[in-house]
Amino acid sequence: PLNMAKLMMMSATNSFDEMRDTIPPELDEARSRVQACIEEARKTIATEFKLDSTIPVVIGGFSQGAMLATDTVLRGTL
């Protein structure tokens, strides 16, 4: 959740340093769930179509989903 009052104050002063360094406490668990979902999908697709389970995937999202997808990919955990 965003603290809108704090965000507006940062916007008014053009000072986003504090937000830039903030990591949501739920991020690690959410990333783990995305990774597990992707691995399960890879296994299912590989089994169904008789492919190698290391098939490449493309992930994306909207809003917070896009942030989670980007975090997961940039951390190189897939």
Side-chain angles (χ1 to χ4, degrees):
L2 293 175
N3 180 336
M4 292 307 292
K6 190 177 223 177
L7 182 60
M8 290 186 71
M9 185 179 75
M10 286 189 278
S11 180
T13 61
N14 201 23
S15 175
F16 295 97
D17 292 338
E18 182 181 342
M19 182 172 276
R20 191 176 297 124
D21 296 330
T22 301
I23 298 173
E26 304 89 358
L27 184 59
D28 290 336
E29 181 181 346
R31 186 183 325 104
S32 293
R33 288 181 179 201
V34 167
Q35 292 167 331
C37 181
I38 291 169
E39 289 307 318
E40 186 61 33
R42 276 181 166 161
K43 288 178 189 174
T44 300
I45 292 168
T47 300
E48 186 172 331
F49 294 100
K50 297 177 181 30
L51 301 170
D52 185 354
S53 64
T54 60
I55 57 174
V57 296
V58 175
I59 64 172
F62 177 76
S63 191
Q64 291 178 349
M67 291 170 40
L68 180 58
T70 301
D71 178 79
T72 301
V73 171
L74 290 178
R75 289 181 187 262
T77 52
L78 291 177

Spacing of Q64 atom CD and D71 atom CG [to the nearest 0.5 Å] | 12.5 Å
With F49, which residues qualify under side chain to side chain contact (heavy atoms under 4.5 Å, CB included), at least two apart?
-> I45, L51
Residue pair A46 / S53: nearest heavy atoms and the distance that separates them = CB-CA, 3.7 Å
Please identify each residue that fulfils side-chain hydrogen bond (donor to acceptor under 3.5 Å, both in side chains) with E29, with sequence neighbours left out.
-> R33
All side chain to side chain contact (heavy atoms under 4.5 Å, CB included) counterparts of M4, not counting sequence neighbours | L2, L7
With sequence neighbours excluded, residues passing side-chain hydrogen bond (donor to acceptor under 3.5 Å, both in side chains) with N3 | none
Correct closest heavy-atom pair for I55 and R42 would be O-NE, 2.9 Å
For the hydrophobic clusters of this structure (ILVMFWY residues joined by side-chain heavy atoms under 4.5 Å, transitively), does one cluster hold both V34 and I23?
-> yes
Rounded to the nearest 0.5 Å, how far does CG of L27 lie from OG1 of T22?
-> 12.0 Å
Point-to-point distance, once rounded to the nearest 0.5 Å, from CE of M67 to OG1 of T72 | 11.5 Å
Restricting to pairs with a member in residues 1-13, which pass salt bridge (Lys or Arg N to Asp or Glu O under 4.0 Å), not counting sequence neighbours?
-> K6-E18
How many angstroms lie between atom CD of E40 and atom SG of C37, to the nearest 0.5 angstrom?
-> 8.5 Å
Partners of T54 by side-chain hydrogen bond (donor to acceptor under 3.5 Å, both in side chains), sequence neighbours excluded?
-> D52
